[in-house]
Undergrad: 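This is the structure I want to talk about, given as structure tokens.
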Amino acid sequence: QQRGLPRIQGHFEGRKATKRTVRACAAIGIEVLSLYAFSVENWRRPHEEVNAILRLIATALEEELAELDANNVRFRASGRLVELPEYLQQILQKGEERTADNTGLILNLCVNYGGRAEIVDAARNIVARAAAGDLDPASIDETIFAQHLYQPDLPDPDLLLRPGGETRVSNFLLWQVAYSEVIILPVLWPDFREEHLADALVEYSRRQRRFGGVTAQQ
């Protein structure tokens, strides 16, 4: 909008930023990269924009899947996937199946995702198990709850990057980012480059992660 271009042009440029970021993370040995591609709230956007975004996600994955696989990237998709168009569900499943045996970077693409929705869905599954007699309610703790999230085997993020200068988490991985380091970046996502990632990692390396405790010096 700042450049007088259609909104969808920003999404196309965002795809390029995504590709750059995935390549950079894979090259430096990042274990897991979770990207917010489409939120449960994004359905409120104009119909044409929603359709364009979903088509762009499908097209991008279709075109980039061979490179992801060749670079040992393992693809995952998180969110209320059954609510997505069938064509998108199919390509997301294809991406997961083709890269299932890869052992490098895990690319977790959050599509039709919301942090609150994930917590609600986990609670529903736990209630269903308890009602069926498969789970003792008294045994439910943080570990049990986390096992019912969309990707229970993925570690909590060490670092949350927020582009665009926004200072909110926007319903992203609410459970998982409880102790993540947060870095706010003024650069808009379509302009995000490898050097922005490198600068953020340098800043992260200066942080002291105490998880509610104290450092050894204290």
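Numbers for residues simply follow the sequence, beginning at 1.
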Undergrad: Which heavy atom of L105 sits nearest a heavy atom of L33, and at what distance?
TA: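 Reported closest heavy-atom pair: CD1-N, 3.8 Å.
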Undergrad: Closer than 4.0 angstrom, basic N to acidic O: yes or no for R168 and E166?
TA: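 Yes, charged N to carboxylate O under 4.0 Å.
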Undergrad: What I want to find out is whether E63 reaches R15 closely enough, with some N-O distance under 4.0 Å, to be called a salt bridge.
TA: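 Yes, charged N to carboxylate O under 4.0 Å.
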Undergrad: Using modelled atom types and a 3.5 Å cut-off, is there a donor and acceptor pairing between side-chain atoms of S170 and backbone atoms of F172?
TA: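 Here the side-chain-to-backbone pair does not exist.
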Undergrad: If you round to the nearest 0.5 Å, how far is CZ of R74 from CG of L107?
TA: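 With rounding to 0.5 Å, CG (L107) is 12.0 Å from CZ (R74).
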Undergrad: Give the minimum heavy-atom separation between A24 and L197, together with the two atoms involved.
TA: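 A24 and L197 have their closest heavy atoms at CB-CD2, 3.8 Å.
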Undergrad: Judged by atom type as modelled, is there a donor-acceptor pair below 3.5 Å linking the side chain of R80 to the main-chain atoms of V40?
TA: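 Answer holds: no.
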Undergrad: CZ of R207 to CG of D158: how many Å apart, nearest 0.5 Å?
TA: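 Rounded to the nearest 0.5 Å, the CZ-CG separation comes out at 12.0 Å.
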Undergrad: Please determine whether residues L65 and L54 belong to a single hydrophobic cluster, defined as Ile, Leu, Val, Met, Phe, Trp and Tyr linked transitively by side-chain heavy-atom distances below 4.5 Å.
TA: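 Yes, same cluster.
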Undergrad: Can you tell me if R116 has over 12 outside heavy atoms packed within less than 6.0 Å of its CZ?
TA: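 Incorrect, the count does not exceed 12.
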Undergrad: Would you give the length of the straight line joining atom CG of L92 to atom CD1 of I57, rounded to the nearest 0.5 angstrom?
TA: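 It comes to 8.0 Å.
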Undergrad: Looking just at side-chain N and O atoms, do Q176 and Q151 make a donor-acceptor pair shorter than 3.5 Å?
TA: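 No, Q151 and Q176 have no side-chain donor paired with an acceptor closer than 3.5 Å.
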Undergrad: Supply the atom-to-atom distance D153 CG to I106 CD1, rounded to the nearest 0.5 angstrom.
TA: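 Output value for this atom pair is 6.5 Å.
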Undergrad: Using the ring of each side chain (for Trp, its six-membered ring), is F38 parallel, tilted or perpendicular to W43, with breaks at 30° and 60°?
TA: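 It falls in the perpendicular class, over 60°.
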Undergrad: Any donor and acceptor pair, going by atom type alone, linking the side chain of N112 with main-chain N or O of G79 inside 3.5 Å?
TA: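 No; zero donor-acceptor contacts below 3.5 Å.
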Undergrad: For Q93 and E97, which I'm curious about, is there any donor-acceptor pair between the side chains at under 3.5 Å?
TA: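 Judged by distance alone, the side chains do pair up.
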Undergrad: Quick one: closest heavy-atom pair of E96 and A77, and the distance?
TA: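 The answer is OE2-N, 2.8 Å.
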Undergrad: For side-chain contact (heavy atoms from CB on, under 4.5 Å), just list the numbers for D199 and V202, CA-CA rounded to whole Å, side-chain angles, deciding distance to a tenth of an Å, and then say yes or no.
TA: CA-CA 5 Å; D199 289 344; V202 170; 5.5 Å; no
Undergrad: Could you check whether any side-chain N or O of D136 sits under 3.5 Å from a backbone N or O of A138, counting only pairs where one atom can act as donor and the other as acceptor?
TA: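 Pair found, side chain donor or acceptor close to backbone of A138.
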Undergrad: Take a 6.0 Å sphere around CD of E67 and say whether it holds more than 12 heavy atoms from other residues, nucleotides or ligands.
TA: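 Count over threshold, so yes.
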Undergrad: Would you tell me whether S180 and D156 have side-chain atoms, one donor and one acceptor, within less than 3.5 Å of each other?
TA: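 Side-chain D/A pair, S180 to D156: absent.
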Undergrad: Before accepting this row, confirm whether a basic side-chain N of the pair R3/D191 lies closer than 4.0 Å to the acidic partner's carboxylate O.
TA: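 Yes.
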Undergrad: Can you name the closest pair of heavy atoms from H11 and E49 and give their distance?
TA: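 Smallest interatomic distance, heavy atoms only, reads NE2-OE2, 2.9 Å.
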Undergrad: Over all heavy atoms of both residues, which pair between P152 and A146 is shortest? Give the atoms and the distance, please.
TA: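 Residues P152 and A146, closest heavy atoms: CB-O, 3.6 Å.
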Undergrad: If you round to the nearest 0.5 Å, how far is CG of N102 from CG of D69?
TA: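 Interatomic distance, D69 CG to N102 CG, rounded to 0.5 Å: 5.0 Å.
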Undergrad: For Y150 and Y113, take the angle between the two ring planes, folded into 0 to 90°, and tell me which bin it lands in: parallel under 30, tilted 30 to 60, perpendicular over 60.
TA: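 Ring orientation, 0 to 90° scale: perpendicular.
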Undergrad: Are more than 12 heavy atoms from other residues, nucleotides or ligands located less than 6.0 Å from atom CG of D141?
TA: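 Yes.
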Undergrad: For Y36, does the six-membered ring have the charged nitrogen or CZ of R162 within the cation-pi criterion, i.e. under 6.0 angstrom from the centroid and within 45° of the normal?
TA: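 Relative to the ring axis of Y36, which defines the angle, R162 lies outside at least one limit.
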Undergrad: Looking only at heavy atoms, what is the nearest atom pair of R193 and H196, with distance?
TA: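 Taking every non-hydrogen atom into account, N-ND1, 2.9 Å.
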Undergrad: Go through the steps for V22 and L68 under the test side-chain contact (heavy atoms from CB on, under 4.5 Å), then give the verdict.
TA: CA-CA 9 Å; V22 172; L68 292 175; 3.9 Å; yes
Undergrad: So, the side chain of E118 versus the backbone of L173: is there a donor-acceptor pair under 3.5 Å, distance only?
TA: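 Looks like no, no N/O pair under 3.5 Å.
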Undergrad: Rounded to the nearest 0.5 Å, what separation is found between the CD1 atom of I126 and the NE2 atom of H148?
TA: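 Rounded to the nearest 0.5 Å, the CD1-NE2 separation comes out at 5.0 Å.
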Undergrad: Carefully, step by step, assess L5 and E13 under the rule side-chain contact (heavy atoms from CB on, under 4.5 Å).
TA: CA-CA 11 Å; L5 298 171; E13 293 301 320; over 6 Å; no
Undergrad: Before accepting this row, confirm whether a basic side-chain N of the pair E194/R23 lies closer than 4.0 Å to the acidic partner's carboxylate O.
TA: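 No salt bridge links E194 with R23.
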Undergrad: Would you find a donor on one side and an acceptor on the other, under 3.5 Å apart, between the side chain of W189 and the backbone of G14?
TA: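 Yes: the side chain of W189 pairs with the backbone of G14.
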Undergrad: More than 12 foreign heavy atoms under 6.0 Å from CD of E142: is that the case here?
TA: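 Not buried by this count: 12 neighbours or fewer within 6.0 Å.
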Undergrad: Does atom CD of Q1 have more than 12 heavy-atom neighbours, drawn from other residues, nucleotides or ligands, at distances under 6.0 Å?
TA: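 At most 12 heavy atoms, drawn from other residues, nucleotides or ligands, come within 6.0 Å of this atom.
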